[in-house]
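Data block below; observations after.
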Amino acid sequence: MPHTSTSRPPISTAPAPDLPCDLLGGLTPAQFMRRHWQKKPLLIRGAVTAGLPLLNRQQLFDLAASEAVESRLIVRKPHGWTLRHGPLARSQLPPLKQPGWTLLVQGVDQHLEAAHALLQRFRFVPDARLDDLMISWASDTGGVGPHFDSYDVFLLQASGQRRWRIGRQKDFSLQPDVPLKILSHFEPEEEHVLNPGDMLYLPPRWAHDGDAVGGDCTTCSIGFRAPQRGGLAGELLQRMADELDDDTLFRDPQQTATAHPAAMPVALEAFAADALQRLLAERESLACALGEVMTEPKPRVWFDEPEGDWALGAVRLDRRTRMMYDDRHIFINGESFRAGGADARLMRLLADQRVLDARHVARASEDAKALLQDWFEAGWLRRLDPA
Ligand code: SIN
Ligand code: CO
């Protein structure tokens, strides 16, 4: 693990939907979602007033040097761009004074409590949509070129200055022979220079180009995820089929002798359609598969050993843990559990707040306590105050 913080993490509850917040420039999360989310950009001056940057340049470079972290180095050259994927040792990065380069480090919230805590402030959007926190560092004029992203993003300036040019783009054609996705004909409509603490929200497919103004430009991107319909269907069907474990064989006692052996038997087509319909009729299985897919830990994530022994007391979810629920189930790190009554209420509280106080833990049923202990031993759950 390249960097872990052992200090007690701040308890950050999700913002209340109907309270105005500085993070959104005085809008309530409800107003923001109604007016801007997936609709139009919002520039917020002084969105975050304390705690930036979340880590210093050296700490970010250390993360980029780690196998466990996804990073990229993008360098603007006189006649094009170069892209290099991490891990990146310090000696592979250009000198700080060389203009036009950017280091991008993905998933910083998995490694740094302060980054995880910042992400919690965006939990007015469902956890199923929140993805990760990327941090970029750029030398003077550094940037990744004019492009668009398929997902919503909040671009929070953490140190130095960045000039963002943004526009609704009609022509999405990309420059050929470039290792990055760079728009051929970027048509900016607005320009904003962001200072530390300022934040720009962009809906999907809004074109943007951000250049560092002066050196030491650090930008946090709060990123979102959205399942792609075909991919999600494939993943769900695979999980549901494994669960159903139906080994009924196709039978064709009515098959007649054929003069067209290559033709697909109509009965086989009907058998295939029936197989899919049976799978889809398993609503319970669909709910579990969806929860498991959405809480599956990211590929490079692993959980650390628990600190000390399990004992009844206040607990918090490890920052890498994904936990969600629906009407009848609790989902955690790719597993699903049926839950009802007081146990379900307790687990939902844990999922929403990511902490449970000692009183709640003490009152849990024996089954719920056993689950909490299992999760503690797997490193998914931690004591709020390490012994
Ligand atoms: C950056 O931080 O330089 C790039 C972020 C983005 O454009 O999405
Ligand atoms: Co972007």
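Whatever order the structure lists ligands and atoms in, that order sets their numbers, starting from 1.
Legend: residues meeting ring-ring contact (aromatic ring centres under 6.0 Å, His included) with Phe250, ordered by chain and number and at least two apart, are Phe271.
With Thr321 contributing its side chain and Leu317 its backbone, the two residues share no donor-acceptor pair below 3.5 Å. The backbone N or O of Arg168 lies less than 3.5 Å from a partner atom in the side chain of Glu189, making a donor-acceptor pair.
Closest to atom 1 (C) of ligand 1 among all protein heavy atoms lies Ser136 OG, 3.5 Å.
Cation-pi geometry between Arg35 and Trp37 is not met at under 6.0 angstrom from the ring centre and within 45 degrees of the axis. Both the sub-6.0 Å distance and the 45° axial angle are not jointly satisfied by Arg225 relative to the ring of Tyr151.
Within the structure, ligand 1 has Ser221 among the residues with a heavy atom less than 4.0 angstrom away. Taking 4.0 Å as the cut-off, Trp164 counts as a neighbour of ligand 1 on heavy-atom distance.
Interface atoms of ligand 1 facing Arg162, defined by a heavy-atom separation under 4.0 Å, are 3 (O). Remark: ligand 1 atoms within the under-4.0 Å shell around heavy atoms of His208 are 6 (C), 7 (O), 8 (O).
Between Glu187 and Arg165 there is no salt bridge, since no side-chain N of the basic residue sits under 4.0 Å from a carboxylate O of the acidic one. A salt bridge links Asp274 to Arg278: one of the charged nitrogens lies within less than 4.0 Å of a carboxylate oxygen.
With a 4.0 Å cut-off on non-hydrogen atoms, Phe154 does not touch ligand 1 at all. Residue-level proximity to ligand 1 for Asp149 is carried by the side chain, the only part with a heavy atom below 4.0 angstrom.
Ring geometry, Phe124 versus Phe154: the interplanar angle exceeds 60°, so the pair is classed perpendicular (tilted spans 30 to 60°).
Within a radius of less than 2.8 Å around the Co ion (ligand 2), the protein N, O or S atoms are His147 NE2, Asp149 OD2, His208 NE2.
Just one of Arg57, Lys97, Arg162 meets the salt bridge (charged side-chain N to carboxylate O under 4.0 Å, His left out) condition when paired with Asp216; it is Arg57.
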Exercise. Let me see the working for Arg320 and Lys298 under side-chain contact (heavy atoms from CB on, under 4.5 Å), right down to the final yes or no.
Key: CA-CA 9 Å; Arg320 288 153 283 217; Lys298 292 198 167 192; over 6 Å; no
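Below 3.5 Å of separation, one finds an N or O of His147 facing an N or O of ligand 1.
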